[in-house]
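Below is one structure, written out as structure tokens; the observations come after it.
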Amino acid sequence: MKFRKYSFKLNNKPIVVEAPPAYTLLEVLRNILDLTGTKDGCSKGECGACTVLINDRAINSCLTIMEQVEGTDIITVEGLAKDPVADKVRRAFVQEGAVQCGYCTPGLIMASKALLAKSPNPSVDETKEALRGNLCRCTGYAKILRAVLKARR
Ligand code: FES
Ligand code: FES
């Protein structure tokens, strides 16, 4: 397999990764960099479990090929470990019972962080729209919505 070098910022640190050009960002994160907080739910852009921030936008990493990553600024859920907004979201998820199996949670935290960074006090509709691409099989969306609304400023 042919490998190529890709340079970008990952969780606030410059990084160079060697990967096959056909790899997606999700494959690189999980299989090469061992950052398994980003989940693989469907591999085809339907569930949002693989959401990361690319230049502050919530993006499905399973649909992002490495060519698109070059020179960007990427944050994964590991990079939000000490982020106060993400921390508020995490606590609200627990308080509202919005976590069961937890598989969708990293993606939802990323989508919520992107929303609240852009719009610290979003409306209900704006919040629903921001979470539209993230599926959860366990909790029902009411608890998730309540949690994200609770984490607003
Ligand atoms: S794994 Fe990427 S959208 Fe489902
Ligand atoms: S908590 Fe299980 S998929 Fe959302």
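Numbering of ligands and ligand atoms starts at 1, following listing order. Quantities reported herein were computed from a predicted structural model and do not represent experimental measurements. All heavy atoms count here, side chains included; hydrogens, waters and symmetry mates do not.
- Close contacts between ligand 2 and R137 involve ligand atoms 3 (S) [criterion: under 4.0 Å to a heavy atom].
- Residue contacts with ligand 1, taken as heavy atom pairs separated by less than 4.0 Å, do not involve S61 at all.
- Salt bridge D40/R30: absent, no basic N to carboxylate O contact under 4.0 Å.
- Each of the atoms 1 (S), 2 (Fe) of ligand 2 lies under 4.0 Å from some heavy atom of G102.
- Around atom NZ of K128, no more than 12 heavy atoms belonging to other residues, nucleotides or ligands sit under 6.0 Å away.
- Between S7 and E70, some side-chain heavy-atom pair lies under the 4.5 Å cut-off.
- Less than 4.0 angstrom separates some heavy atom of E46 from each of these atoms of ligand 1: 3 (S).
- A salt bridge is absent between E126 and R152: the closest approach of a Lys/Arg side-chain nitrogen to an acidic carboxylate oxygen does not fall below 4.0 angstrom.
- For ligand 1, the atoms sitting less than 4.0 Å from at least one non-hydrogen atom of C50 are 1 (S), 2 (Fe), 3 (S), numbered in the order shown with element in parentheses.
- Residues V148 and F93 meet the side-chain proximity criterion, which asks for heavy atoms closer than 4.5 Å.
- Side-chain contacts under 4.5 Å among hydrophobic residues (ILVMFWY), followed directly or transitively, place L63 with no other residue at all.
- The environment of D87 atom CG is dense: over 12 non-hydrogen atoms of other residues, nucleotides or ligands sit within 6.0 angstrom.
- Interface atoms of ligand 1 facing D40, defined by a heavy-atom separation under 4.0 Å, are 1 (S).
- The distance from ligand 1 to the heavy atoms of G45 drops below 4.0 Å at these ligand atoms: 3 (S).
- With a cut-off of 2.8 Å, atom 4 (Fe) of ligand 2 has no N, O or S atom of C138 in range.
- Under a 4.0 Å criterion applied to the non-hydrogen atoms of C62, ligand 1 contributes the atoms 1 (S), 2 (Fe), 3 (S).
- Within the 2.8 Å limit, C101 places no N, O or S atom next to atom 4 (Fe) of ligand 2.
- Environment of CZ in R4: crowded, with over 12 heavy atoms of neighbouring residues, nucleotides or ligands closer than 6.0 Å.
- Near C104, meaning under 4.0 Å from any of its heavy atoms, are these atoms of ligand 2: 1 (S), 3 (S), 4 (Fe).
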Would you check, one step at a time, whether the test side chain to side chain contact (heavy atoms under 4.5 Å, CB included) holds for C104 with L135?
CA-CA 7 Å; C104 65; L135 306 185; over 6 Å; no
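- The angle that C42 SG and C47 SG make at atom 4 (Fe) of ligand 1, rounded to 10°, works out to 110°.
- Close approach of ligand 1 to G41 (heavy-atom distance below 4.0 Å) involves ligand atoms 1 (S).
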